[in-house]
Undergrad: 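Handing you this structure, nothing more for now.
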Number of protein chains: 2
Amino acid sequence: MATTIKDIARIAGVSPSTVSRILSNKKTLSSGYAPETISKINQIAKDLNYRKNRSAIELVTKTSQVLGIILPASPTNFAQEIIAGIQKVASLHDIDVIIAYAGEDSELLQMQALKTISERSVRGILLLGITLSATNAQFLRASDIPYIFLSVAQPEPDLPFIASNDFDIGYQATNYLIMHGHREIAFVGADIPSCVGQLRLDGYRQALKDHQIAYRADYVIPGNWLYEDGIQAMNMLEKLPHLTAVVAGSDLVAAGVINRARQLHHHIPSDLSIIGIDGTALCDIIYPQLTSIQQSFYEMGVKGTEQLIRQANITSSYTPICTKKGGSVATRNKQNE
Amino acid sequence: MATTIKDIARIAGVSPSTVSRILSNKKTLSSGYAPETISKINQIAKDLNYRKNRSAIELVTKTSQVLGIILPASPTNFAQEIIAGIQKVASLHDIDVIIAYAGEDSELLQMQALKTISERSVRGILLLGITLSATNAQFLRASDIPYIFLSVAQPEPDLPFIASNDFDIGYQATNYLIMHGHREIAFVGADIPSCVGQLRLDGYRQALKDHQIAYRADYVIPGNWLYEDGIQAMNMLEKLPHLTAVVAGSDLVAAGVINRARQLHHHIPSDLSIIGIDGTALCDIIYPQLTSIQQSFYEMGVKGTEQLIRQANITSSYTPICTKKGGSVATRNKQNE
DNA sequence: TTGTATGCGTTATCAC
DNA sequence: GTGATAACGCATACAA
């Protein structure tokens with residue numbers, strides 16, 4: 001039987017409310033107590049190994065110091081960066097974090113995760129890297145809990161998000177290669193049907209168009225942002241003789257392309273230039289080091305959490321992107337060929 | 001104002017008890033109800049957007065469907081694999097997961113995390129990759145909640161764990177290199193003062209001893225399991241001309257050693273053989289692909305969670321390790337030199 | 001400065 | 001089959 005404030009009150013010879021006020025430690029309430037009462041209570045609490053009962057507190061106060069995070073079933077490698085940002089801010093405000101996993105595709109698992117989170121009286125919900133089905137989005141809205149999506153921009157205005165501008169990412173990656181003299185550029189490994197994939201592809205196409213380069217459907221090889229997709233993509237790219245550069249959907253995809261290219265005896269970047277997307281720690285670790293469009297993942301976590309805690313009106317925003325230079329892109333002299 | 005059981009009861013014209021029994025969905029209790037009552041209640045609950053109040057449930061039932069995870073402040077790259085295992089089992093049992101972060105070194109942050117978790121009536125606590133201070137371990141014991149440590153073996157018998165045998169890891173890594181003809185072997189990047197580091201170093205030394213190879217203190221370069229430690233280590237290793245092989249404390253360290261070696265124009269593995277520890281996805285991604293002692297991280301998560309849920313007596317155990325072959329170790333012909 | 005009384009939303013025990 | 005009622009542990013309005 002765990003000790004309660006009643007136990008402490010009985011032993012100390014005071015009322016439970018006294019114990020409650022002292023232990024809850026609110027300056028305004030407990031300031032008036034005699035120092036000896038305070039220290040006595042604290043001592044007894046310690047001796048009896050007293051722990052607060054959060055359920056009881058949350059029940060009576062109807063608020064909690066908990067933030068809910070919903071993650072995709074297979075967290076991407078940058079999810080950790082976002083979570084680090086969330087955790088940083090949360091711990092600064094003495095706020096706990098609970099995590100539930102939702103399948104990306106399975107509507108049922110999504111709902112499960114939403115229920116899990118919304119049944120606990122959380123102060124807010126952070127949804128990482130997922131897009132909800134219409135039904136589930138409706139469920140979220142009806143939950144009456146503040147929420148914000150991270151890393152995936154949402155089309156509907158009442159689903160606030162903090163993310164990169166994925167069109168810009170696609171554009172900037174492609175443009176970077178064009179500026180280095182490339183005109184035969186593939187776009188591989190992205191999950192094209194997804195919002196993110198669609199936007200990045202749009203950016204890619206726009207960059208081509210702005211430089212009078214024809215779009216070729218066979219230069220677009222879809223995937224799921226994975227290392228293996230990079231491997232597969234490279235197998236197909238090999239059959240495209242004029243190709244000189246690749247926009248990879250993620251750093252992982254880029255790593256796959258690079259490694260497979262090496263197996264096929266293509267030299268990076270002289271035979272083939274690669275640019276990644278994400279700018280994760282992986283860029284430095286692979287060889288050659290990867291040039292990549294870097295996203296501000298940590299910042300997404302920080303800003304999202306701050307908004308939720310501040311309880312102000314939640315608004316969507318984009319976090320900055322920048323080009324992180326590695327050694328995977330070569331300058332190409334157009335005149336030479 | 002969120003809807004409660006009472007609201008539903010009032011509208012349906014039944015008592016709160018009835019609603020509670022039907023909504024809690026226990027076969028034995030609600031089986032006797034008229035189908036029309038059941039469907040009516042469910043319909044109203046849906047219409048009113050009713051959500052259970054977990055705080056109230058946990059308060060009255062004194063049990064919860066929550067598992068607590070305590071993570072080090074900077075989660076290692078394999079933490080995700082362990083968590084995936086935990087999550088898998090937890091979701092199978094309809095159990096939620098809450099996460100708190102503890103600093104590895106800061107006793108205060110550790111305590112904070114322990115409090116956070118133990119104040120919620122969790123069914124069990126999983127401690128990933130951390131070692132508690134004596135005071136904090138005592139606090140954990142006193143919490144009256146089942147717990148188990150994952151991935152770091154604990155010296156005290158009343159702190160159950162599931163981990164790899166780190167002595168064996170050190171031994172096996174070193175032995176693998178010896179079997180490939182190496183005798184001048186460095187041991188780099190491990191956090192030597194830690195339990196894990198100490199055990200692996202012991203294994204390294206024992207392997208050397210078993211093959212009549214003298215231990216050299218300057219062949220041991222400590223670190224913190226990080227990529228940067230690998231870089232630093234390689235800078236120092238360069239000054240050791242006879243060296244032919246390296247045991248890296250982690251795959252990340254190995255990646256650092258390999259990349260720095262390349263910059264210094266040493267060829268891997270012909271000039272220098274490297275073996276990593278962990279066997280993470282990184283092994284395939286870096287070049288050359290890394291030979292590594294692979295740990296069973298996912299299995300740690302699965303087994304630990306099962307034990308906690310089963311509520312049986314928690315016992316320590318070791319998960320298997322195996323050698324994952326890459327291209328970073330060359331066979332050396334002793335006669336040649 | 002401290003005590004009393006009440007209620008948070010739910011389940012469980014008993015009664016009908 | 002269904003309804004009262006008590007209780008879980010705590011915070012707080014009100015009283016003293």
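Proteins get letters first, then strands, A, B, ... in listed order; numbering begins at 1 in each. Keep in mind it's a predicted model, so treat the numbers as computed, not measured.
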Undergrad: Going by side chain to side chain donor-acceptor pair (under 3.5 Å), name the pairs with one or both residues in residues 111-123 of chain B, residues two or more places apart or in two chains.
TA: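 The answer is Arg51(A)-Ser118(B), Arg54(A)-Glu119(B), Glu58(A)-Arg120(B), Asp96(A)-Thr116(B), Gln65(B)-Arg123(B).
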Undergrad: Can you tell me if Thr37(B) touches the phosphate of dT2(D), counting only side-chain N or O atoms and a distance under 4.0 Å to OP1 or OP2?
TA: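 Thr37(B) to dT2(D) OP1/OP2: side-chain N or O found under 4.0 Å.
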Undergrad: Taking CD from Glu119(A) and C1' from dT11(C), how many angstroms apart are they, rounded to a whole number?
TA: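 The distance from CD of Glu119(A) to C1' of dT11(C) comes to 15 Å, rounded to the nearest Å.
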Undergrad: With a 3.5 Å cut-off and sequence neighbours excluded, list the donor-acceptor pairs that the side chains of residues 84-91 of chain B form with protein atoms.
TA:
from     : atom 1 : to       : atom 2 : distance (Å)
Ser91(B) : OG     : Gln87(B) : O      : 3.3
Ser91(B) : OG     : Lys88(B) : O      : 3.1

Undergrad: Measure from CZ on Arg120(B) to P on dG9(D) and round the result to the nearest Å.
TA: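 Roughly 17 Å, once rounded to whole Å.
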Undergrad: Check the distance between dC8(C)'s P and Ile5(B)'s CD1 and give it to me in whole angstrom.
TA: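 Checked: the CD1 to P distance equals 14 Å.
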Undergrad: Of the nucleotides dG3(D), dC8(C), dA11(D), which has the atom closest to the Thr18(B) side chain?
TA: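 The answer is dG3(D), which lies nearest to the side chain.
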Undergrad: Could you tell me which residues satisfy side-chain contact (heavy atoms from CB on, under 4.5 Å) with Ser39(B), sequence neighbours excluded, listed by chain and number?
TA: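 In terms of side-chain contact (heavy atoms from CB on, under 4.5 Å), with neighbours along the sequence ignored, Ser39(B) is linked to no residue.
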Undergrad: Could you list the residues that satisfy side chain to side chain donor-acceptor pair (under 3.5 Å) with Ser143(B), not counting sequence neighbours?
TA: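 Partners of Ser143(B) by the side chain to side chain donor-acceptor pair (under 3.5 Å) criterion come out as none, since no residue qualifies.
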Undergrad: Considering only heavy atoms, which members of residues 44-61 of chain B lie under 4.0 Å from some atom of DNA chain D?
TA: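 Per residue number, the list reads Leu59(B), Val60(B).
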Undergrad: Is it true that the side chains of Ser15(A) and Thr18(A) contain a donor and an acceptor less than 3.5 Å apart?
TA: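 Note: Ser15(A) and Thr18(A) side chains meet the donor-acceptor criterion.
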Undergrad: OP1 or OP2 of dG3(D) less than 4.0 angstrom from a side-chain nitrogen or oxygen of Ser15(B), does that happen here?
TA: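 Result: yes.
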Undergrad: Within this structure, what is the NZ-to-P distance between Lys6(A) and dT4(C), rounded to whole angstrom?
TA: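 Whole-Å distance recorded here is 13 Å.
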Undergrad: Take the protein atom CG of Leu23(B) and the nucleotide atom P of dT2(D), then report the distance between them rounded to whole Å.
TA: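 Leu23(B) atom CG is separated from dT2(D) atom P by 15 Å.
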Undergrad: Is the distance from OP1 or OP2 of dA7(D) to the nearest side-chain N or O of Lys62(B) less than 4.0 Å?
TA: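 Negative; the distance criterion is not met.
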Undergrad: Go through the structure and list residues passing ring-ring contact (aromatic ring centres under 6.0 Å, His included) with Phe78(B), not counting sequence neighbours.
TA: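 Applying ring-ring contact (aromatic ring centres under 6.0 Å, His included) to Phe78(B) gives Phe297(B).
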Undergrad: Which ring pair (Phe, Tyr, Trp, His ring centres under 6.0 Å) pairs, counting each pair once, include a residue from residues 127-151 of chain B, with sequence neighbours left out?
TA: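 Output for this query is empty, none listed.
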Undergrad: Do Gln295(B) and Thr319(B) pair up side chain to side chain, a donor and an acceptor below 3.5 Å, judged on atom types alone?
TA: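 Looking only at side-chain atoms, Thr319(B) and Gln295(B) do not form any donor-acceptor pair under 3.5 Å.
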Undergrad: How long is the line joining CD1 of Ile41(A) and C1' of dT1(C), in whole Å?
TA: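 Distance, rounded to whole Å: 13 Å.
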Undergrad: Taking atom C1' of dC10(D) as reference, at what distance in whole Å does atom CG of Asp7(A) sit?
TA: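 Roughly 13 Å, once rounded to whole Å.
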Undergrad: Who pairs with Asp94(B) by salt bridge (charged side-chain N to carboxylate O under 4.0 Å, His left out), at least two apart in sequence or on another chain?
TA: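 Residues passing salt bridge (charged side-chain N to carboxylate O under 4.0 Å, His left out) with Asp94(B): none at all.
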Undergrad: Five pairs at each end of the helix from dT1(C)-dA16(D) to dC16(C)-dG1(D): take the axis at both ends and give me the angle between them to 10°.
TA: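 About 40°, once rounded to a multiple of 10°.
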Undergrad: Within the 4.0 Å heavy-atom criterion, would you say Ser20(A) contacts the bases, only the backbone, or no part of the nucleic acid?
TA: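 Counting heavy atoms under 4.0 Å across all strands, the contact made by Ser20(A) includes a base.
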Undergrad: Calculate the interatomic distance between Gln65(B) atom CD and dT11(C) atom P; express it in whole Å.
TA: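 It works out to 13 Å between those atoms.
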Undergrad: Tell me which nucleotide among dT10(C), dA11(D), dG3(D) gets nearest to the side chain of Ser24(A).
TA: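 Selected nucleotide: dA11(D).
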Undergrad: Below 3.5 Å between N/O atoms, which protein atoms pair up with nucleotides 13-16 of chain D? Just atom names and distances, please.
TA:
from    : atom 1 : to       : atom 2 : distance (Å)
dA13(D) : N6     : Arg21(A) : NH1    : 3.4

Undergrad: Scan for salt bridge (charged side-chain N to carboxylate O under 4.0 Å, His left out) pairs involving residues 300-315 of chain A, sequence neighbours excluded, and state none if there are none.
TA: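 Residue pairs passing salt bridge (charged side-chain N to carboxylate O under 4.0 Å, His left out), neighbours aside: none found.
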Undergrad: Closer than 3.5 angstrom, by distance alone: can the side chain of Asn42(B) be matched with the main-chain N or O of Ile38(B) as a donor-acceptor pair?
TA: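 Yes; judged by distance alone, with no hydrogens or angles, the pair exists.
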Undergrad: Please identify each residue that fulfils ring-ring contact (aromatic ring centres under 6.0 Å, His included) with Tyr50(A), with sequence neighbours left out.
TA: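 Expected list: none.
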